[in-house]
Amino acid sequence: MKDETRLVHGGRNPQRDGGIVNPPVSRASTVLYPTLAAFARRSDGDAKYRAVRYGAYGVANTFALADAVAELEGGVGTVVTATGLSAVTLAITALVRQGDHVLMTDSAYGPTRAFCDEVLTRFGVETTYYDPLIGAGIAGWMRPNTRVVFTESPGSLTFEVQDIPAIAAAAHRHRAWVLMDNTWAAGLFFKTFDHGVDVSIQAATKYIAGHSDAVIGTITAPTEALFRRIKDTTTAFGDIAAPDTCYLALRGLRSMAARLRQQEAAGLQIAEWLRGRPEVKRVLYPALPDDPGHAIWKRDFTGACSLFSVILHTGDEAAVARMVDAYRYFKIGASWGGFESLVIPAYPAPLRTAVPWTDPGFVLRYHVGLEAPEDLITDLTEGFERLRQAVS
Ligand SMILES: Cc1ncc(COP(=O)(O)O)c(C=O)c1O
C-alpha cells in the first residue's frame, strides 16, 4: 500500500464509528460500566493501552489518530500527546533515569534544549550537545551511562541533515536508544524505523494538523514493549490531547500527502529563486543540489517539506525589519506546516554550544504555504527592494 492510500484509510473503523467516515468527536471524562466486575477488568491486558476507559487515557478520536499515525510511520503503536513539545519531553523521560546521560543534537528545537538544561538536570540526567554532522563519530561521545541519542533531521532552524543510520549503528552498539524528531519529514518523507531509529516523534501541530488551528504531538514506537513504556509515562504525567484536537489532526492527516506535494514543489521553486538573489548568501535547504546535506537527504529521504532558512549578506536587523514587516503574504509568526506562508528570524547563535554559529548574516526561516508561488515571489521581490533601500 502506498502512503497516499494509507493516509486516507489508516485508523478508520466504520463499525466502531457508526458507519460515519470521520469518527465523531467523543468528549468524555467518565466511561460507564455495567457491573463491578466489568469495572474491575477495564484495564486488563491490551485494554490498558487501546481501550476507551477514561477520558484522560484517550477516547475513540485519540486511538483513531494514533492508529493512522502508527501506520504512516510504520510503527506498532503511537502515543498521542498534548503538544509536540510534550511528545519530545515525555519520550525522553520514558527512557532515562537518574544518573543517565543524553546526547542531544546541537541543532535541536530550542525548547527541546531548554527541557534538557532546565528540567533533566534537576533529576540528575546530564545532557551533552553534539555536532549534528557527527555521523559515526557519535561513538566517541558515548559514555557507559548514555541512554538516549536524540536526533532532529534536518534541524528545524538550520537544516543540517544527520546521518541517522550511522548514528543509530553506533548508539545501538552502546545500548542507547535513538530518538528522532521527525516533524520536518512529517512521517511521510523519512521512515525512521527503516533507518535505525527507536522512537519517532512529531509535532503533529505542523503538517499533520496542517491548518494552524491545533497543537498536538505523536510518539511512535516500533515494538509493543517500547510503545507501552512510553504510554505508561504519558499516562503517569496526565498528558493527553483533547478529542476535538485529535479530530482536527486526523482530518488534517487525510489531505497531508496532497498538501505536502504542492508545498514541496512551491518550496523548491522559491528556494531556488532565493538562491539566485544577490541579497542571499546561502539557502539552508537539503533539497537544493548544492546544499551540504543534499547527498544524505537524497539517500534517506523521499521528499522535502516547505520549511527552510536563508542567510542574508546583511546582518542589519533594522533593514531586515523594513523588508519583513511589510510582506503581504509571508506573515510573521511561530510554527509551520499550515496552509499559509510564514517567516521568523532564526537567531541560531544562542542555541549553539557544540558548534558555535559564527555567520554574521541575518537568518530568516521561511515556511511556504499553499499560495501561488508567483504571488509569493512577487512578495519576496518587493521585500528585497525595501531591503536594498534600507541598507544603501
Ligand atoms: C522541530 C519541532 N519539534 C517540536 C516542536 C514543538 O511542537 P509544539 O509547538 O506542538 O509543542 C516544534 C514547534 O515549533 C518544532 O519546530
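In listed order, ligands and their atoms are each counted from 1.
A salt bridge does not link D67 to R12: none of the charged side-chain nitrogens sits closer than 4.0 Å to a carboxylate oxygen.
Checked by atom type and distance alone, the side chain of R352 pairs as donor or acceptor with a backbone atom of D106 at under 3.5 Å. No side-chain donor-acceptor contact under 3.5 Å links E382 to the backbone of Y327. A distance-only check finds no donor-acceptor pair linking the side chain of E264 to the backbone of G303 [under 3.5 Å].
Ligand 1 lies less than 4.0 angstrom from a heavy atom belonging to W336.
For ligand 1, the atoms sitting less than 4.0 Å from at least one non-hydrogen atom of G84 are 6 (C), 7 (O), 8 (P), 10 (O), 11 (O), numbered in the order shown with element in parentheses.
Not one N or O of V215 is nearer than 3.5 Å to an N or O of ligand 1, by distance alone. For ligand 1, one of its N or O atoms has an N or O atom of L85 under 3.5 Å away. When only interatomic distances are considered, the shortest N/O to N/O separation between T205 and ligand 1 falls below 3.5 Å.
Closest to atom 5 (C) of ligand 1, if we only count protein heavy atoms, is Y109 CE2, 3.3 Å.
Checking each of F159, W297, Y285 against F308 for a ring-ring contact (aromatic ring centres under 6.0 Å, His included) leaves exactly one that passes, namely Y285.
Cation-pi contact between R259 and Y207: absent, since separation from the ring centre below 6.0 Å together with deviation from the ring axis within 45° is not met.
When I344, I201, L157, D181 are ranked by how near their heavy atoms come to atom 4 (C) of ligand 1, first place goes to D181. The option with the heavy atom closest to atom 9 (O) of ligand 1, from among R365, K206, Q202, E152, is K206.
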